[in-house]
Amino acid sequence: MEHGTHDHHTGHGHHAGHDHGGHDQAGGHHPAGGHEHAGGHEHAGGHEHAGGHEHAGHEGGGPASWGMAAKATLHCLTGCAIGEVLGMIIGTALGWGDAPTMVLAIALAFFFGYALTLRGVLAAGLDFASAFKVALAADTLSILVMEIVDNGVLLLVPGAMDAHLDDALFWGALAFAFLVAFLVTTPVNKWLIGRGKGHAVVHRYHH
């Protein structure tokens with residue numbers, strides 16, 4: 001009986017020791033859990049910061065200004081104007097009808113629009129293949145919108161397509177068409193630049 005009591009006491013002590021060890025283990029686990037939680041929190045904070053940084057890069061570094069958009073549109077307008085006037089001069093000199101003359105004018109508008117961008121990008125040190133890709137990315141949508149609006153206005157102005165180069169109607173209608181095209185295309189360029197596209201691609205090579 002005394003031996004059993006001793007055994008019971010020893011068992012009780014072993015049990016208490018086990019509980020104490022469990023408590024120590026739990027206590028040890030708790031700080032580790034706290035450290036892990038703190039680390040997880042820190043990691044989450046870092047991830048959030050990284051995510052914010054990536055989002056800023058996706059947005060192109062902030063919204064584009066209207067001045068920047070207007071400058072990009074004026075750049076495209078210059079190339080389009082040169083191409084269209086030259087195309088109309090050639091078409092008129094060759095006695096072509098309205099349709100082939102307009103096709104030639106649009107083709108030359110794209111050519112000179114791209115050429116102006118190519119000149120600036122090549123001067124920045126890019127090879128021709130890379131510079132051509134930049135010009136395509138920068139100007140295609142802008143020139144396309146400008147040509148659609150410009151030629152659409154010319155078709156709507158009575159007698160504009162039949163006017164000759166020495167007629168005031170021809171130059172007046174062309175100037176009006178370019179003005180409308182400029183006003184419509186500028187917001188398009190602002191939207192593109194604000195997302196790191198359009199002429200924002202060209203700006204990377206001008207720094």
Side-chain angles (χ1 to χ4, degrees), residues 53-94 96-155 161 165 171 173-207:
H53 179 70
E54 183 180 353
H55 180 70
H58 177 71
E59 290 297 323
S65 66
W66 283 105
M68 184 183 298
K71 185 177 180 181
T73 306
L74 187 61
H75 175 93
C76 291
L77 182 63
T78 302
C80 289
I82 294 172
E84 285 197 30
V85 172
L86 184 59
M88 291 176 183
I89 291 174
I90 294 173
T92 301
L94 296 177
W96 290 359
D98 292 343
T101 299
M102 182 176 289
V103 170
L104 177 62
I106 292 173
L108 290 177
F110 273 92
F111 173 79
F112 282 99
Y114 289 141
L116 290 180
T117 299
L118 274 173
R119 184 184 65 175
V121 177
L122 286 172
L126 264 70
D127 59 277
F128 182 82
S130 299
F132 186 67
K133 291 178 181 178
V134 170
L136 288 178
D139 292 328
T140 299
L141 183 58
S142 178
I143 296 176
L144 181 63
V145 172
M146 186 167 290
E147 286 304 300
I148 291 174
V149 175
D150 171 35
N151 288 281
V153 172
L154 286 177
L155 289 172
M161 295 302 299
L165 296 176
W171 295 105
L174 188 62
F176 177 68
F178 281 143
L179 175 62
V180 175
F182 178 84
L183 294 176
V184 173
T185 310
T186 298
V188 175
N189 278 323
K190 186 177 186 296
W191 180 82
L192 287 171
I193 295 171
R195 281 151 185 78
K197 300 177 182 179
H199 267 252
V201 179
V202 178
H203 294 162
R204 297 170 192 167
Y205 301 97
H206 288 172
H207 296 293

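Note that the structure is a prediction, hence the values are computed from the model and not measured. Throughout, residue positions are numbered sequentially from 1 according to the sequence presented.
Between atom OG1 of residue Thr185 and atom CG of residue Leu74 there is a gap of 11.5 Å, rounded to the nearest 0.5 Å. In this structure, OG in Ser142 is found 8.5 Å from CD1 in Ile193, a value given to the nearest 0.5 Å. For the atom pair CH2 (Trp66) and OG1 (Thr73), the distance works out to 9.0 Å, reported to the nearest 0.5 Å. A distance of 10.0 Å separates NE2 of His75 from CG of Asn189, quoted to the nearest 0.5 Å. Expressed to the nearest 0.5 Å, how far CD1 of Ile90 lies from OG1 of Thr101 amounts to 10.0 Å. Note: Cys76 SG to Lys71 NZ = 13.0 Å, rounded to the nearest 0.5 Å.
Residues passing the side-chain contact (heavy atoms from CB on, under 4.5 Å) test with Val153 are Val149, Val157, Phe176, Ala177, Val180, sequence neighbours excluded. Val103 pairs by the side-chain contact (heavy atoms from CB on, under 4.5 Å) definition with nothing, not counting sequence neighbours.
For the residue pair Ser130 / Asp127, a side-chain donor-acceptor distance below 3.5 Å is found, with atom types taken as modelled.
Put simply, the side chain of Phe132 does not reach to within 4.5 Å of the side chain of Val121, judged on heavy atoms. By the 4.5 Å heavy-atom criterion applied to side chains, Leu154 and Met88 are counted as neighbours. Side-chain contact between Trp171 and Val85 is present, with heavy atoms from C-beta onward closer than 4.5 Å. Counting heavy atoms from C-beta outward, Glu84 and Leu108 have side chains that stay 4.5 Å or more apart. Counting heavy atoms from C-beta outward, Asn151 and Met102 have side chains that approach closer than 4.5 Å.
Minimum heavy-atom separation, Leu122 to Ala131: CD2-CB, 3.6 Å. Smallest separation of non-hydrogen atoms from Ile143 and Cys80: CG2-SG, 3.8 Å. The two residues Gly87 and Leu104 come nearest to each other via the heavy atoms O-CD2, 3.7 Å.
Of the possible donor and acceptor atoms, none in the side chain of Asp150 sits under 3.5 Å from a partner among the backbone N and O of Met146.
Relative orientation of the Tyr114 and Phe110 rings is tilted, given thresholds of 30° and 60° on the angle between their planes.
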